[in-house]
Amino acid sequence: MAIELRDLHKSFLVSGRTRPVLRGLNLTLREGEITAVVGRSGCGKTTLLRILAGLEPWDAGEIAAPAGVRMGMVFQEARLMPWLNVRANIAFSGRNGRMAPERVQELITRVGLSGYGGAYPAQLSGGMRQRVSLARALAYEPDWLLMDEPFSALDYFTRADMQKELLEIQRAERRGILLVTHNLDEALFLADQVVLLQDGRVAQACDLRMWQKPRDPVSREAAAWKRKLLDCMEETR
Amino acid sequence: MSSRENRPGVRGLVVLAVLLLLWWRVCRLEIWSAYLLPSPGRVARALAQLWTSGELQDGVLTSLRRVGLGFLGACCAALILGVLNGLMPRLAAWTRPVVHFVRNIPPLSLAPLLILWCGIGERAKVLLIFLAAFFPLFLNVEKGISGCSPALLEVGRAFGLSPWRRFWKIILPSALPDILVGMQIALGYSWRAIVGAEMVAASSGLGHLILDAQYMARTDRVIACILVIGLLGYLCNRGFEGLVGRVLRRGTDDGD
């Protein structure tokens, strides 16, 4: 289920003045691939994600997506329901609010939280909460996972674990993933396509499909790809 | 439960024992006459007398029934109106001045009017309790509902929850601690109001027993009834504290 964004425009009213955020954005999100969106703060990354999640309307342009496409959102903060335990938080997004206990357990295992099903968010670490948030999005059975800097608040080791889990999820379930990140290394490690957003438009789109996964972030190849990406970014400055 | 967790209860009992001892000692010293301050023993005997005659049980049941009715009515009205106000800030802007005007009027000051309008029967007393319990609960419900985190509401929208399901699955559970605290406060207010109401116009109930004892110059009975009121209020509060504690223990903060 590919998604086509054509000439997308979005403005916000800030202190009585119209501030354009997206100015004619064109992008193709290919089915079953990870697309990483990078760019400076305020370039429209999060707005793009929120529009796709149905949280913001857009002003002009077109989003061509198959009817009934489901978007599962993973926010920057875990945003779990504090009064629900891990199991109930995951089942929260199930179709019609219901979910088979076996499926919930399967997701708990998938995100590496076996034994924590009965724990409440306040009893979990930041990384564990973010895992629950990912499991909740997967429980929604989305065609696309939308992730807004989901690992930005995590330490190096937890972040690395989560990135590996994400790759495993993509490999096993072939879901499309749109990942907004500030971290170029993360984009290089995960993405099939890295999109550089600047002034509300796609300034560069680098195709990384030729680079096999799993990738070694400290290999010579990684350095070369990073150089290429940085050159792309440099050209657009 | 560890001994450390038991300590607050033990401390409370120690303070109670000290107060009782002080009361007993003051009576032994005969600083005041036994009429003004009867001894703990005399009060205990008065309590036993009230129990064996059945007056105490009747009074407690009558007061409990009135509190129950008034409190239940206040809960229904405060929940409905508090939710509406919490969900609709425009409505809240209209109703806020009236609410704050009426809530600052002591319910007991309305007793003469209520007796005039509703007669001396049960309706006036239940209405007084309703008025005492309604406002603290209403304000807490409104605060809980309107204070629901927009970030959590957005989660509901992102996962396609209808407005109705967002209310049941996000807004109401997030407001529950505030609602329970409001109910706890409202119940305390109800107890205060019932005794006042029964002292103004009633022929039954704990307030009436106190007034009756005063007319008969039985200070021991007055104190016995006051102690029973305190005990009932304490037990109600403990019950609610347990309920609020269970809800709050689950956590209200997800740490984000």
Side-chain angles (χ1 to χ4, degrees), chain A residues 46 49-57 68-86 88-99 118-130 132-133 136-142 144-148 150 153, chain B residues 1-2 5 79 82-83 86-87 140-184 240-256:
Chain A
T46 296
L49 222 58
R50 289 176 61 82
I51 287 174
L52 284 168
L55 298 173
E56 296 280 355
V69 66
R70 288 169 76 87
M71 304 286 192
M73 183 84 173
V74 181
F75 295 89
Q76 193 171 357
E77 331 83 52
R79 296 198 189 183
L80 303 178
M81 304 300 147
W83 56 89
L84 299 179
N85 63 20
V86 167
N89 258 299
I90 293 172
F92 179 86
S93 67
R95 290 187 194 232
N96 302 319
R98 289 186 208 96
M99 183 170 285
Y120 286 93
Q123 298 169 312
L124 302 176
S125 70
M128 289 162 111
R129 284 199 288 268
Q130 203 54 279
V132 180
S133 170
R136 178 178 63 187
L138 290 171
Y140 188 54
E141 293 177 24
W144 278 85
L145 265 181
L146 307 174
M147 308 181 84
D148 188 5
Chain B
M1 198 181 275
S2 72
E5 279 171 290
L79 280 170
V83 165
L87 291 176
N140 267 50
V141 173
E142 188 193 8
K143 174 178 165 263
I145 296 287
S146 62
C148 181
S149 155
L152 293 185
L153 286 172
E154 216 166 51
V155 172
R157 281 176 59 210
F159 290 115
L161 264 64
S162 64
W164 181 247
R165 284 185 61 210
R166 283 206 293 274
F167 174 75
W168 283 108
K169 294 191 80 174
I170 303 174
I171 299 173
L172 200 59
S174 87
L176 202 57
D178 278 316
I179 294 174
L180 287 177
V181 169
M183 286 173 102
Q184 193 181 0
F240 253 99
E241 261 178 6
L243 197 65
V244 173
R246 274 184 68 176
V247 171
L248 293 181
R249 244 200 314 280
R250 296 182 305 176
T252 50
D253 175 19
D254 67 356
D256 287 337

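Chain letters run A, B, ... following the sequence lines, proteins first and then strands; every chain starts at 1. Only heavy atoms go into these numbers, but all of them, side chains included; no hydrogens, no water, no symmetry mates.
- For A:Arg136, the parts lying under 4.5 angstrom from a heavy atom of chain B are both the backbone and the side chain.
- Expressed to the nearest 0.5 Å, how far CE of A:Met73 lies from CD of B:Glu154 amounts to 7.5 Å.
- With a threshold of 4.5 angstrom between heavy atoms, B:Ile170 approaches chain A through its backbone and through its side chain.
- In this structure, the portions of B:Ser174 lying under 4.5 Å from any heavy atom of chain A include both its backbone and its side chain.
- Distance check, rounded to the nearest 0.5 Å: CE of A:Met81 to NZ of B:Lys169 gives 9.0 Å.
- When all heavy atoms of B:Phe159 and A:Tyr140 are compared, the pair lying nearest together is O-CE1, 3.3 Å.
- Atom CZ of A:Arg50 and atom CZ of B:Arg157 lie 7.0 Å apart (nearest 0.5 Å).
- Heavy atoms only, all atoms of each residue included: B:Leu152 and A:Pro82 are closest at CD1-CD, 4.0 Å.
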